[in-house]
Structures are given as C-alpha cells and as structure tokens.
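Below: the structure, in structure tokens.
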Amino acid sequence: MAGRYISPYEEKRLKNMEENRRILESLGLVGPDSVKPKRVVKKKAPLKRKKTIHVHMPAKKVILTDGLVDEQVDTDQDGFTPTRRSARLRGKAAPSLQELRTEVDEELEAERDTRYKPVPKDRPNVFGEIPGFPVGTWFETRMESCRAGVHRPTVAGIHGNDYEGCYSLVLSGGYEDDLDYGECFTYTGEGGRDLKGTKANPKNLRTAPQSKDQTLTRGNLALSVSMETRRPVRVMRGYKLDSAFTPEEGYRYDGLYSVDKFWFTAGLSGFGVYKFVLSRCPDQAPPPWTLPASGDNSDSDTDTNKADSDSGVSMTTGTETEAD
DNA sequence: GGGCCCGCAGGG
DNA sequence: CCCTGCGGGCCC
C-alpha cells in the first residue's frame with residue numbers, strides 16, 4: 001500500500017489523539033488493546049428545524065387523525081403533497097395541514113407540560129441528575145435542555161463556576177482530536193477565540209477560530225475545581241459530535257461523569273488548550289447506548305448496531321420511528 | 001452548503 | 001450594565 005498523503009493538520013490530529021489515548025491508558029480507563037468504537041450513525045446534515053410542522057408526520061401522529069378526511073388537500077411549503085400509502089389508508093386524502101398542525105401542536109404542548117415546569121427566575125444550580133430527566137433523555141435543542149435544567153447555557157459547552165465546580169457539559173464536536181470511548185472521553189476547554197473581531201472590523205460572534213491560548217478561567221477553571229471535589233458532572237452528547245456515541249439528532253443526556261485529570265497542551269489550531277478526562281460514575285442507570293457485538297473489529301460497515309436513538313430510553317417529543 | 005450575526009442564559 | 005459561549009436561523 002502506497003503511503004497516502006497526510007496533511008499536517010491530520011498528522012497533528014493523530015498525534016494529539018495518541019497523546020490523549022496514552023493518558024486514558026495511564027489512568028486505567030482503556031486497555032492497550034481496546035479498540036476505539038467507530039461511529040455507526042452516518043454523518044448527515046442536521047435537519048432544518050422549522051417552527052412550522054411538516055405534513056410528513058410519524059405514523060403514530062397520523063393515526064390520531066384517522067377519519068378526518070379532508071378533500072382540500074394542502075401542499076406544504078416544500079411542495080410535498082400528502083398522500084397516504086399504508087394499505088389501510090391507501091387512496092384516502094390526508095387530513096388538512098391545518099388540522100394536523102393543530103393536533104400536533106396540542107399534543108406536543110401537552111407532553112411538554114408534564115415534563116417542563118415553568119422556569120423560575122432564580123433557580124439554583126444543582127449537581128447530579130435532574131428529576132424527571134433520566135439518563136437517555138433526548139432534547140431537540142439546547143434551549144430545551146436549558147429549560148429542563150440539565151444543561152443551562154444555550155451556547156456554552158461548560159456550565160460551572162470557580163467556587164462549586166462544573167454542573168454540566170456538552171460534547172458537540174468542534175475539537176477533532178478529542179477521543180470518545182463512551183465510558184470515558186477527553187474534552188477540550190473553552191476560550192482562546194476572538195469573538196469581537198477587530199476594531200476596524202467588529203463582530204458579534206458566538207464562535208470563531210482559536211486565535212490565542214486558552215486560560216484556566218471560567219468553564220476550564222470550573223472543571224479543574226470538579227477534579228478536586230470529585231462532584232459528578234452531567235454530560236450531554238450532541239448531534240455534531242463525531243463518535244460512536246453520537247445521537248442521530250438533537251442532544252441526549254448520557255449520565256454523570258467525574259473529572260479525572262486535566263493538562264495544558266498544543267491544540268490543533270497551534271494555540272494552547274486545556275484537555276480534560278472524564279469517566280462515567282458507577283452506580284447509575286445504564287448508559288443509553290449499545291456497543292457493537294464483540295469480535296467485530298469495527299471495520300465492517302454492516303449495521304450490527306442500529307442507531308442509539310432507537311434504544312427506547314429516549315423521551316422523544318417528535319421523532320418516533322416510522323412504522324409502515 | 002457556507003457565511004453571517006442574532007437572541008439568549010449565565011456570570012461578573 | 002458588561003462580557004462570554006461546542007446554537008441556530010436566515011440569507012445568499
């Protein structure tokens with residue numbers, strides 16, 4: 001096999017991953033022979049999360065409107081013409097868009113009301129699991145997990161402070177040399193970015209390329225405090241993460257982890273970053289994922305392991321598996 | 001699909 | 001008030 005070209009970036013990425021791997025091994029979190037689980041969920045573009053509800057609803061929702069046959073078939077904005085394809089309903093017109101929209105809105109609202117309480121003005125920050133949102137709970141957006149209190153910041157990946165530590169964090173990709181073994185992972189700190197632009201070209205960004213070293217402040221400091229206190233950190237994984245444990249869509253609460261170690265090193269940008277190792281706390285509900293059967297050396301693309309979001313634990317608000 | 005830039009929650 | 005951030009919607 002001819003050695004194919006490896007870009008300097010890729011070379012550094014592999015080197016950093018090797019460093020991360022060595023540290024996980026030194027902590028006894030992975031063995032020298034353990035294989036990094038490969039991503040099974042295919043990478044796909046995030047769904048357009050429109051406010052308006054698409055006519056092409058999951059089967060469960062459509063059944064609710066059975067009998068409501070409307071001759072005036074609407075066409076939604078994308079030009080999709082609703083037709084009913086199941087044997088039972090073949091040939092019948094779909095209910096009107098307005099009817100579907102109303103029913104679905106009401107159902108979603110009713111479901112939300114049982115799960116989400118009104119958010120008080122000054123709710124306290126808490127460690128550990130949030131009642132009503134067990135391991136495996138799925139959120140469509142960061143805003144929903146904020147309302148639930150599972151991970152409160154709407155953009156930032158780390159929630160914490162310098163006196164209590166870190167309450168929660170989100171793995172969302174964006175740092176391509178991090179490793180995710182499910183039971184443990186490495187996580188890059190925050191900061192080192194220029195979000196305001198220059199004086200000549202001012203900006204108002206929420207994210208930007210790294211342009212300076214990270215510092216041990218804010219979220220990074222919070223995580224270092226958590227390493228001392230050993231308090232549990234709530235962990236969510238987001239759809240943008242590139243690992244074997246990535247949810248297909250949205251965000252999934254994956255349980256409590258503890259911070260085992262951190263260090264300062266050169267990130268992929270060339271600027272300094274803080275790296276953290278977290279590992280799953282024992283004595284909690286089992287993780288919401290299933291690993292591929294052992295013996296598979298993670299090269300086959302055969303889907304031995306269907307998507308993790310099919311594993312029943314998730315409390316979906318909209319996305320049921322489609323039966324037809 | 002990529003670039004731009006907004007509201008938002010949280011903390012100082 | 002200020003500043004920050006592993007979102008996200010919109011426009012091209």
Side-chain angles (χ1 to χ4, degrees), chain A residues 13 43-54 77-78 116 118-127 130 138-180 185-199 201-223 225 233-243 245-247 249-254 257 267-269 271 273-276 278 318:
Chain A
R13 192 174 81 92
K43 202 166 196 167
K44 60 176 184 182
L47 295 186
K48 260 265 197 284
R49 292 166 216 281
K50 294 183 186 173
K51 289 261 164 58
T52 51
I53 291 173
H54 207 280
Q77 299 148 338
D78 300 340
Y116 297 92
V119 179
K121 285 191 295 266
D122 278 318
R123 47 180 177 165
N125 292 318
V126 294
F127 289 96
I130 306 298
W138 179 82
F139 301 97
E140 183 173 0
T141 64
R142 288 281 296 266
M143 200 59 206
E144 287 199 9
S145 78
C146 171
R147 289 177 58 202
V150 172
H151 182 75
R152 295 173 59 173
T154 54
V155 176
I158 307 170
H159 182 207
N161 54 42
D162 59 0
Y163 51 92
E164 280 198 316
C166 173
Y167 309 103
S168 58
L169 65 78
V170 183
L171 288 87
S172 195
Y175 295 90
E176 298 181 345
D177 52 359
D178 279 329
L179 294 180
D180 185 7
F185 59 87
T186 65
Y187 189 84
T188 306
E190 69 184 20
R193 302 161 185 265
D194 185 12
L195 303 170
K196 290 184 304 207
T198 61
K199 199 183 288 180
N201 186 18
K203 292 189 185 291
N204 179 17
L205 304 173
R206 302 296 175 270
T207 185
Q210 192 155 0
S211 57
K212 53 195 166 189
D213 288 353
Q214 294 182 349
T215 59
L216 195 56
T217 55
R218 300 174 173 278
N220 305 342
L221 184 53
L223 280 168
V225 168
V233 176
R234 289 185 296 275
V235 167
M236 289 209 308
R237 285 182 172 86
Y239 66 94
K240 283 190 269 187
L241 176 68
D242 188 8
S243 90
F245 307 94
T246 304
E249 305 174 46
Y251 299 85
R252 186 188 60 214
Y253 169 59
D254 279 355
Y257 288 67
L268 285 176
S269 64
F271 295 98
V273 295
Y274 282 89
K275 290 282 183 186
F276 299 86
L278 283 89

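Each chain gets a letter, A, B and so on, in the order its sequence line appears, and its residues count up from 1. Predicted model, so just to flag it, every value in this text is computed and none were measured.
Between the side chain of A:Glu190 and the backbone N or O of A:Gly219, at least one donor-acceptor pair lies under 3.5 Å. Proximity of a side-chain donor or acceptor of A:Thr186 to a complementary backbone N or O of A:Leu179 within less than 3.5 Å is detected.
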Worksheet, complete the sentence: For DNA chain C, the expected dot-bracket line (Watson-Crick or G-U under 3.5 Å, [ ] crossing, | inter-strand) is |||||.||||||
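Mapping A:Arg218 and A:Asn204 onto DNA chain B by nearest heavy atom places A:Asn204 at the nucleotide closer to the 5' end. Summary of the strand contacts: A:Cys146 and A:Tyr163 both lie near DNA chain B, and taking for each the nucleotide with the nearest heavy atom, the more 5' one is attributed to A:Cys146.
Within the 4.5 Å cutoff, the side chain of A:Leu268 has no heavy atoms near those of the A:Tyr175 side chain.
Residues meeting the salt bridge (charged side-chain N to carboxylate O under 4.0 Å, His left out) test with A:Arg142, sequence neighbours left out: none. Contacts of A:Asn220 classified as side-chain hydrogen bond (donor to acceptor under 3.5 Å, both in side chains), with partners at least two apart in sequence or in another chain: none.
Going from atom CE of A:Met143 over to atom P of B:dA9 covers 4 Å, rounded to whole Å. The CG-P distance, from A:Leu278 to C:dC6, rounds to 15 Å in whole Å. Between A:Glu164 atom CD and B:dG11 atom C1' the separation is 13 Å, expressed in whole Å. To the nearest angstrom, P of C:dG8 lies 9 Å from CD of A:Glu140. In this structure, A:Arg152 atom CZ and C:dC6 atom P are separated by 17 Å, rounded to whole Å. Atom pair A:Leu223:CG and C:dC6:C1' shows a separation of 13 Å (rounding to whole Å applied). Distance CG (A:Leu169) to P (C:dT4): 22 Å, rounded to an integer number of Å. The separation between A:Asp122 atom CG and B:dA9 atom C1' is 12 Å, rounded to whole Å.
For A:Tyr251, the side-chain atoms get nearest to C:dG8 when compared with the rest of C:dC6, B:dA9, C:dG8. When the nucleotides B:dG12, B:dG10, C:dG8 are ranked by their closest atom to the side chain of A:Asp162, B:dG12 comes out on top. When the nucleotides C:dC3, C:dG8, B:dA9 are ranked by their closest atom to the side chain of A:Lys196, C:dC3 comes out on top. Closest to the side chain of A:Arg142, from the set B:dG12, B:dG10, C:dG8, is C:dG8.
Contact between the side-chain N/O atoms of A:Thr154 and the OP1/OP2 oxygens of B:dG10 is not found at any separation under 4.0 Å. Within the structure, every side-chain polar atom (N or O) of A:Lys203 is placed at least 4.0 Å from both OP1 and OP2 of B:dG3. For the OP1/OP2 pair of B:dA9 and a distance below 4.0 Å, the side-chain nitrogens and oxygens of A:His151 include no atom meeting the criterion.
Nucleic acid contact class of A:Arg123 (heavy atoms, under 4.0 Å, all strands): sugar-phosphate only. When heavy atoms are screened at a 4.0 angstrom cut-off, A:Gly238 is found touching no nucleic acid atom at all. If you check every strand for non-hydrogen atoms under 4.0 Å, A:Gly219 touches nothing. Using a 4.0 Å heavy-atom cutoff across all strands shown, A:Leu241 reaches no nucleic acid atom at all.
Straight-line distance between the P atoms of B:dA9 and C:dG9: roughly 15 Å, to the nearest whole Å. Across C:dG8 and B:dG10, the matching P atoms stand 15 Å from one another, rounded to whole Å.
Between A:Phe245 and A:Phe185, the distance separating the two ring centers is not shorter than 6.0 angstrom.
Using modelled atom types and a 3.5 Å distance limit, the side chains of A:Arg193 and A:Thr207 yield a donor-acceptor pair.
Using cut-offs of 30° and 60° for the angle between ring planes, the A:Phe127 and A:Tyr167 rings count as tilted.
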